[in-house]
There are 2 protein chains.
Amino acid sequence: MGARRGEDVEVVAAPGRLPDEPAVRERARAIPEAAVARLAVYLRVLSGLAEQGVTSIASEELSAAAGVNSAKLRKDLSYIGSYGTRGVGYEVEVLVDQIERILGLTRKHSVCVVGIGNLGHALANYGGFPGRGFPVSALFDVDEDLIGVPVGGILVSHVDDIVRVCSEREISIGVIATPPPAAQAVCDRLVSGGVQCILNFAPVVLQVPDHVEVRKVDLAVEMQILSFHVARRADEAANADESGMVVPG
Amino acid sequence: MGARRGEDVEVVAAPGRLPDEPAVRERARAIPEAAVARLAVYLRVLSGLAEQGVTSIASEELSAAAGVNSAKLRKDLSYIGSYGTRGVGYEVEVLVDQIERILGLTRKHSVCVVGIGNLGHALANYGGFPGRGFPVSALFDVDEDLIGVPVGGILVSHVDDIVRVCSEREISIGVIATPPPAAQAVCDRLVSGGVQCILNFAPVVLQVPDHVEVRKVDLAVEMQILSFHVARRADEAANADESGMVVPG
DNA sequence: CCAACTTTGTGCACGCGTTCACAAGCGCTA
DNA sequence: TAGCGCTTGTGAACGCGTGCACAAAGTTGG
Ligand SMILES: NC(=O)c1ccc[n+]([C@@H]2O[C@H](COP(=O)([O-])OP(=O)(O)OC[C@H]3O[C@@H](n4cnc5c(N)ncnc54)[C@H](O)[C@@H]3O)[C@@H](O)[C@H]2O)c1
Ligand SMILES: NC(=O)c1ccc[n+]([C@@H]2O[C@H](COP(=O)([O-])OP(=O)(O)OC[C@H]3O[C@@H](n4cnc5c(N)ncnc54)[C@H](O)[C@@H]3O)[C@@H](O)[C@H]2O)c1
C-alpha cells in the first residue's frame with residue numbers, strides 16, 4: 001500500500017478536476033494511453049542504461065534514445081510524479097522503479113498462449129516475456145498431436161480446459177494465435193476463465209465485455225499503413241515531377 | 001486557410017510544408033493515420049462480406065462489424081470520397097476498390113524478412129501476406145546453416161547481400177526479426193537497398209532517414225499496457241472498496 | 001553566500017481526431 | 001410528381017495530446 005512516504009501530496013495538478021476524487025485513482029487514470037506506451041519504451045531504454053552502469057541521465061539524452069522529443073518525455077514522466085533533480089537529471093534506478101510501479105510490473109502477470117502453430121510456437125519460446133515479468137504459464141491448442149507436448153518448457157493443454165486451467169493458474173493475460181474463425185470462441189472461453197486482458201494476433205474484431213481489455217496486433221493492417229505511405233510518396237513525387245519541381249539536394 | 005501568418009509566430013509548425021499544394025496530394029495527406037489504420041480494418045470486413053455474397057451495407061452495420069461507431073466510419077470513408085447512396089448504404093465492391101486504391105494496394109509491394117529465427121519462420125510461412133498483395137520475395141539471415149535453405153518457398157540469402165538483393169527484387173517493405181543488437185545495422189542495410197518502409201519486431205528504437213517509414217510491433221510494450229490496465233482496475237477496486245462502496249446487484 | 005548555469009516541471013496554446021447532430025440526397029410508394 | 005422515411009456526408013463543437021517556453025529549483029564555482 002502506498003502510505004510509506006506520507007508526504008503532503010497536494011492537489012497541485014489538475015485544476016478543474018472534481019475535488020472529491022481520490023488523488024491516486026485520478027492520477028493513474030489521467031495518464032494518456034499514448035503516454036503509457038511511451039513509458040514502456042523509456043523503461044526498456046532505462047533498463048539498458050542501468051545494465052551499462054549509467055546511474056543518472058538528463059531528459060534530453062533519454063528522449064533521444066527513446067526517439068521522442070524531450071518536452072514530451074518530461075511531460076510523460078510528470079504523469080507519474082516528480083522524481084528528477086533540476087539542474088541534473090533523473091536517477092536511472094528511481095525511474096525504473098517508478099515506471100514499473102505505475103505499469104503494475106511489481107506484480108507478476110501470468111500469460112497463456114492459445115493456438116500453438118507457427119506464431120504460437122514463436123511466442124511460447126520467446127524469452128522476452130518471462131524476462132520482463134510475464135511468465136508464460138499455459139498453452140492451449142485443439143490439435144490432439146500437440147496436447148501434452150512441451151513447448152518452451154510448458155505442456156500444451158486442450159482448449160476445452162481453458163476455463164479451468166486459467167482459473168487454477170491465475171492467468172491474467174491471454175494471447176490468441178489461432179486461425180481467425182476460432183478467435184472469438186477462444187476469446188469467450190478466456191473471459192470465462194477470468195482472463196482480464198487479451199492480446200489478439202488473429203485478424204478479427206473481438207467482442208468482449210467492458211471489464212476486459214483487448215489489444216490487437218494486426219500485421220496486415222501494419223503492412224497496409226506502410227503501403228499507404230509508399231503510395232502517398234509516389235503521388236507526391238509524381239505531382240512534384242509534373243509541376244516541374246526541382247529535385248532538392 | 002492562412003497563407004501568411006503574423007510575424008509574431010516565430011515557430012514554423014510543420015517543417016517542409018508548402019502553403020499551396022495540389023488537391024490530390026492534399027487529400028491523401030489529409031487522411032489521419034488513425035483513419036488509415038481503420039480503413040484497413042474496414043477493408044478486411046468488407047472483403048469478408050463480399051465473399052459471403054453481401055453486395056450492399058449501411059454504415060451502422062459495417063461499423064458494428066468493425067468495432068467502431070457509425071459516425072467515425074462515415075467520417076473515415078468521407079476522406080476517400082463519396083461512394084455511398086443516401087437512404088441505402090454503400091456498395092461493398094465499390095468500397096473495397098476505393099479503399100484498396102487509397103491504401104495503394106493496386107500495386108504489389110514486395111516484402112523481405114530479415115532474421116529467420118522463431119518469429120522469422122512464422123512470418124515467412126504466413127499466408128496472410130501474399131494473400132493480401134504483399135509477396136514475400138526475399139529472406140535474410142547470418143546463420144550459415146540457414147543460407148540457401150528454403151523457408152516458405154523462398155531461399156534464405158545472406159545478410160551481406162541485402163543491398164543487392166533488395167535492389168534486384170525491388171523490395172519496398174523490410175521486416176526486421178533479428179535479435180535487438182543486430183536491428184540497427186540491418187535497418188541501415190535495408191535503407192541502402194532502397195527499402196522505403198520497415199516493420200520492426202526487435203525491441204529497439206531505429207534511427208532512419210526522413211524518407212523511410214518505420215512501424216514497430218513491440219510485444220513487450222503491448223503486454224505492459226495491458227498490465228497497466230490491470231493495475232489501474234485493481235486500484236479502482238481497492239479504492240471503491242476502501243470508500244465503503246456497495247457492490248451493485 | 002551569491003551569481004551563473006543547467007535542467008526539470010508545467011501552464012498554455014495549438015492542432016488533430018472524435019463525436020454530435022442535422023441538412024442534403026436518394027429510393028420507394030401512392 | 002409529391003411526400004415520406006431512411007442513410008449519407010459534413011460543419012461545428014469538443015476533448016485530448018503535443019510542443020513551446022519559461023519559472024522554479026537545483027548545482028557548481030568563486
Ligand atoms: N504466422 C504469422 O506470422 C502471423 C502473422 C500475423 C498474423 N497471424 C495470425 O495468427 C494466427 C495464427 O497464425 P499461425 O501462422 O500460427 O497459424 P497456424 O495455422 O500455424 O497455427 C494455428 C494453430 O491454432 C490451432 N487451432 C486451430 N483452431 C483452434 C482452436 N479452436 N482453439 C485452439 N487452437 C486452435 C491449430 O491447431 C494451430 O496449431 C492466425 O490468425 C494468423 O492470421 C500469424
Ligand atoms: N519470438 C517471438 O515471439 C518474439 C516476440 C516479440 C519480439 N520478438 C523479437 O523478434 C526478434 C526475433 O525473435 P526470435 O524469437 O525469432 O529470435 P531468434 O533468436 O529465434 O531468431 C533470430 C534470428 O536472427 C538471426 N540473426 C542474428 N543476427 C543477425 C543479423 N545480424 N542479421 C540477420 N539475421 C541475424 C539469427 O541467426 C536467428 O535466425 C527479436 O528481436 C525478438 O526480441 C520475438
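Naming: A, B, ... by sequence-line order, numbering from 1 per chain.
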What's the spacing between Arg38(B) CZ and Leu43(B) CG if we round to 0.5 Å?
15.0 Å
Is there any side-chain hydrogen bond (donor to acceptor under 3.5 Å, both in side chains) pair reaching into residues 39-48 of chain A, and which pairs are they, with sequence neighbours excluded?
Tyr42(A)-Asp76(A), Arg44(A)-Asp218(B)
Atom CG of Leu39(B) and atom C1' of dG17(C) are separated, to the nearest Å, by 14 Å
How close or far is atom C1' of dG17(D) from atom CG of Asp76(A), stated in whole angstroms?
10 Å
Report the distance from atom CD of Glu61(A) to atom P of dT6(C), rounded to the nearest whole Å.
16 Å
At a heavy-atom distance below 4.0 Å, what parts of residues 63-75 of chain B sit against DNA chain D?
Arg74(B), Lys75(B)
Between dG17(D) (C1') and Glu33(A) (CD): distance, integer Å:
13 Å
Under 4.0 Å from OP1 or OP2 of dG17(D): is there any side-chain N or O of Tyr79(A) that close?
no
Reported OG-to-CG distance for the pair Ser227(A) and Leu105(B), which is rounded to 0.5 angstrom:
4.5 Å
Hey, does the side chain of His211(B) reach the backbone of Arg233(A) with a donor-acceptor pair shorter than 3.5 angstrom?
no
Nucleotide dG27(C), atom P - distance to CD of Glu91(B) in whole Å:
11 Å
Ser82(A), nearest nucleotide to its side chain (from dT10(C), dT27(D), dG9(D)):
dT10(C)
Do other residues, nucleotides or ligands put more than 12 heavy atoms under 6.0 Å from the CD atom of Gln98(B)?
yes
Length of the CG-P vector between Leu62(A) and dG9(C), whole Å
12 Å
Using OP1 and OP2 only, check whether a side-chain N or O of Ser59(B) sits under 4.0 Å from dT8(D).
yes
Of the nucleotides dT10(D), dT10(C), dG25(C), which one has an atom closest to the side chain of Arg86(B)?
dG25(C)
Rounded distance (Å) that lies between atom C1' of dG9(C) and atom CD of Gln98(A):
16 Å
For Glu60(A) and dA21(D), give me the distance from atom CD to atom C1', rounded to whole Å.
14 Å
Can you tell me how far CG of Leu219(A) sits from CZ of Arg215(B), rounded to the nearest 0.5 angstrom?
11.0 Å
Take atom CD in Gln184(B); do more than 12 heavy atoms of anything else shown fall under 6.0 Å from it?
yes
